[in-house]
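Just follow the structure's listing: the first ligand is 1, and inside any ligand the first atom is 1. Note that the numbering runs from 1 along the sequence shown for the chain.
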Amino acid sequence: MILDEGADLDAFSSAYGLTLLYPDTYILLPNSFEYKVRKLLKIYETKIKDKVMKKEDLDLNKVEKVFLVDSQNVPDLIKNVPIEIFDHHPKKNFSLNKNVKKHLYKTGSISTVVVEKIKRKKISIDKDDATILSSGIYEDTGGFKFKGTTPRDIKAFYYLFKSGLDVLKLKKIVTDTFDLEDTEILKEIIKNTEPLITEDKKVFISSITKRYTKDIAWLLKYVKTFEEADAYFLVVNQKSKKVIIGRSKDEKIDVGKILSEFDGGGHPFAASAVIVGFDYPEIKNFLLSFLLGKQQSVLNFLKNDLPVVESNVKIREVKNILKDFKYAVVVEKGKYVGVLTEKVVNNAIKHKLENEDAITFSEEMITIPMNTNFIQLLKTFSSYNLEILPVVKKGYYKGVVYKKDFINFISGILEDKPVFQPISKPKVLDYSNKLREFFPKDIFNIIKEVGEYAEKLGYKAYIIGGVVRDIVMGKKSLDIDIIVEGSAVDLVRNFAKAKNLNFHIYPEFMTGNITLENKIKLDFATARKEEYESPGSYPRVEKASLFEDLYRRDFTINTLAIEITKSNFGKLIDYFNGFVDIKEKRIRVLHTLSFVEDPIRILRGLRFAGRFNFKLEKKTQQLLNHAIEKDLLNFAPTGRINLELNLTFNEEKVIDILILMDKYKILYKLFSGLSVDSVKKELLIKLKDNFLLLEKLLNTSFPKASNYLYILLSGFPLEVIFNYLKKYHFEKEAKYINDFYTNLETISQTQEKFKIYQTIKSFNKDFLPALLTLLNEDKLKIILDIVEKEKNPLIKGEDLIQMGLKPSRIFKEILDDTFKRYLENSLKTKEDALSYIKKKYLQRVENEDTDSRR
Ligand code: ATP
Ligand code: MG
C-alpha cells in the first residue's frame, strides 16, 4: 500500500483499514506525514509497527499487488502489477493503464469506505483499530461539518463508536492546539507574506527568522493567503542556512522542479530545499525569475574584450592601450585589482605621473560573481548606474558584463536612440507677453529681477519644465522651476540676500530655493548632465548646458524653457519639438531607453496622459509596453512609487489615470493580480462622489490616497492589503486597515442606527469616504443622516445647563439617548427633545441630586 508524500489522517487510516482487510499488505511509509499522522503514529507505535515498511526495505520483485489510497498519483516505480485505487476525490484526467482499477466514492472520507468493507466482512476490530479508523473520517469531514459529509460517513463512524473508539485519544490526534511558539511563528509568517509577481497565478512568499522547534508544515494551512494561493513558498532562516518549503495546487507551478535548482527534493505539489549562501532577497528574486521563466545568468552576457594589464604596467603604456578602449582592467597575477578609466589616465598624465604603476590609479569597481542571476544583475545595474560590471571568480578576473548588452537584452532594443532627432538649433518663439499675462504681477516682477541678477553674474537663467508646459497650454501653475547655466547656488544666495528673502541652498546638489513674501517658492537648479555614480561610487553631479539638462528629462512636453536673462527675456526655447507635441496632445519620450533608465517615468507618463487627455505617441507606447512587460517597475524604489501614487490619487482625473494604468497592466504589476474591472470602476466613481458629498457636508477634506488605496485593494486578503500598504510605505493606511474592515463588518451587519453612529464615531474619520463606498445604499443614507444630524444635534450640553441641570455623568446618557431617538426619528425637533428629557430625566436627576446631598 502506497501513501503520497505528506499523507494525511484519512490516507493513513484507510491504509491501516486495508491492512486489516488484507493481512498480507504493508503500508509503504512516505518520507513525510502530516503533523497529525505523526501524533497518531506516536500514540499507536507498537500497534502499527508490524504493518508498515520503509521505502529502502521494499523489494519490488515481491510486490504482487498495490493499493493506492486517498490519491490517484500512480508512482513511477510500480510497473506491471495490478493496482487498485481507492479515493474520494474527483476523477483525475489521465489515461488508465489496464492494470489500474479505480474505486472512486463520493464520501466525505475514504476511510468510510474501508470501514464499510470491514463491517460487511465482519472483521473484528478492537478499540485501537476503531480509534485509528475514526481519525480519518473525523478529519476529512471536519468533524462532520464539511459540505462533503455524507450519511455514510456518520454511519461508519457510528459503527466505530460502537466498537469502542477512544474519544479522548481521537481528540488528541485531531485537534490542533497552538502554544505560544506556534502563535508567534504564525504571526511572523502572516506579517511577512508578500506576493511573488507572476502573470496570472497567485504565488506568495513569506519568511521567518524566529526559531521554531517543531516541523512547520502543519502550521501553513492556517495562513489564509497561503490556503487561497495557487502556490506558496516559505523561507525558514536558520543560523547558517535557509530552508525553503514550497507548496503548489497547480501543476503548472512545479515546486519540485523549482526547488531542485537548489538541490531540493519533493514533488510538483510539495517540496523543500536547504540552501547556504543566499540571502532572502536573492532567493525571492531567484524564485521570481524562475516563475517568470527568465533564468538568465551572467554567462549569457559575459564578454572578454577589455584590455587586461598587470598592476606594474606604466600609466603611459596604459594610455596607449586605452586609445581604443574606455576601460582597462588591472590584475595582479590574474587576480582582479580594479579598473582604469580613460579620464583617470589622462589626469595622471596631465600631472606628469605617466611613469607610475597602473595599480596606483586603478579604481576599485563593484564586481559580481559568476553565479549572479538575471534579477541580481538587473538590480546591480539599476542601483549603481555603471557601464560595466567586472565578473570575478575566486578573486580571478573572468570578463565583463556591459550594461548596454544587458539593457539591449531586457529592452529588446538594439541601441539607445533618440525617439525624436534633437535639433541642434532649437525653435524659438517670443513669449515675453505671455509671461506677463500668465503670472501675477508680483511674481512676474520677481522673475524678471532674477533674470537681471543672473545676467549681472554672467549666467543665463530659464524657467523650465511643468510651468512652461502649463503656460503654453494656458493652464494655471505656480510650481516655478528655474535652471541656471552658471551657478544656481550663487544666484540664489546673491539674489535672496539683496532682496532680503528667505532662502536655502544645497551646494552638494547645486540647487537652492527662495521663498517669496506670498509664500510662493522658486526652485533653482544648476543645469546638469545625468547624475551618476563613479566607479568609487561617489555621487557626481556635472555642470552642463541647457540642452544637456533638457536631454535627461522625461517627456518632450516637459522640455520647454523660457529664458529670463535680461537680454533674452521671454525667449521660448524648444529643442525637442515639445511645443508641437503639446499642441497635438502627445506624450513622447526623448530616447528609447528612457523608461529603462527611470521606470518611474512609466507612471508619470500615464499621469500626464490622464491629466491632460493626451495620447502616448506610438513609439513611446511601444517602449512603455516593453518596460512594463520586463517588469521594470518592480525594480523602482518603493519610496518613489509611494510619491507617484500619492500624486496620482490627488489628480483631478484620478479615475481616468487609474483606468489607463489598468489598461497598461501597471496596477497588475504593482499589486499582483489587481485590475480595474467594471465593478471596481463603479466603486471608484462612487468613492469620488462620496468625497464630494462628505466634503460639502462636513466642510473638510479627506486624504485621497488612503481612500483610493482602500477601494482599489478591496477584495484582496487582509494580510495582502496590509503588506502592500507597508511595501509602498503607506504606514497610516496599514495601521488602520484592520479596524476598517472590522467596522465595515459591524456596520453591514446591524440595522441599529445608534450602533452605526457609535462605530463611526470610534473610527478614524479619514477613511469615511471609502467606508461609505463599500456599504450599500441604505447604509449610505443612514450614515449621511448620522453625519448631518451629528453636525446639527437637537440639543447640546448647554441646553441641558439651561434646563437647570449641572454637568455630570448623566449628561452623556441624556445626550446619547436623545441623539439615538433623533436618529430613529422619534424625536424630530428641539421642542420634542426638551419635553422628552423633562419627562424622562428631570425627576430622576432631581432625586439623584437630593440623594447625593443627603
Ligand atoms: P506637475 O504639474 O505635476 O508638477 P511637472 O512637469 O512640473 O508636473 P515635476 O514632478 O514638478 O513635474 O517635475 C519638474 C520637471 O522635472 C518635469 O517637468 C521634468 O522635466 C523633470 N522630471 C521630473 N521627474 C522626472 C523624471 N522621473 N525623469 C526625467 N525628468 C523628470
Ligand atoms: Mg511641477
| message | Between E455 and T565, is there a side-chain donor-acceptor contact under 3.5 Å, judged purely by atom types and distance? | response |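 No donor-acceptor contact under 3.5 Å links the two side chains.
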For [Y], is there an ion pair with [X] - N to carboxylate O distance below 4.0 angstrom?
X	Y	value
D662	K665	no
R611	E651	yes
D598	R604	no
K704	E695	yes

| query | What protein N, O or S atoms come within a distance below 2.8 Å of the Mg ion (ligand 2), ordered by chain and number? | reply |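 Hits for the Mg ion (ligand 2) below 2.8 Å: D479 OD2.
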| request: For residues K688 and Y708, determine if any side-chain heavy atom of one lies less than 4.5 Å from a side-chain heavy atom of the other. | output: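 The answer is yes; the side chains approach within 4.5 Å.
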| task | List, ordered by chain and residue number, the protein residues whose closest non-hydrogen atom lies under 4.0 Å from any atom of ligand 1. | result |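 The answer is G465, G466, R469, D479, D481, R552, R553, D554, N558, D598, R601, R604, R607, F608, R611, R640, counting any residue whose heavy atom sits under 4.0 Å from ligand 1.
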| task | Name all residues meeting the ring-ring contact (aromatic ring centres under 6.0 Å, His included) criterion together with F740; count only those two or more places apart in sequence or in a different chain, and write none if there are none. | result |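 Partners of F740 by the ring-ring contact (aromatic ring centres under 6.0 Å, His included) criterion, ordered by chain and then number, come out as Y710.
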| task | Kindly say whether the aromatic ring centers of Y551 and Y575 come within a distance under 6.0 Å. | result |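 Ring centres of Y575 and Y551 not closer than 6.0 Å.
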Could you tabulate the donor-acceptor pairs under 3.5 Å formed by side-chain atoms of residues 483-495, not counting sequence neighbours?
| from | atom 1 | to | atom 2 | distance (Å) |
| --- | --- | --- | --- | --- |
| E485 | OE1 | Y462 | OH | 2.8 |
| E485 | OE2 | L546 | N | 2.8 |
| S487 | OG | V489 | N | 3.4 |
| S487 | OG | D490 | N | 3.0 |
| D490 | OD2 | Y459 | OH | 2.8 |
| N494 | ND2 | D490 | O | 2.8 |

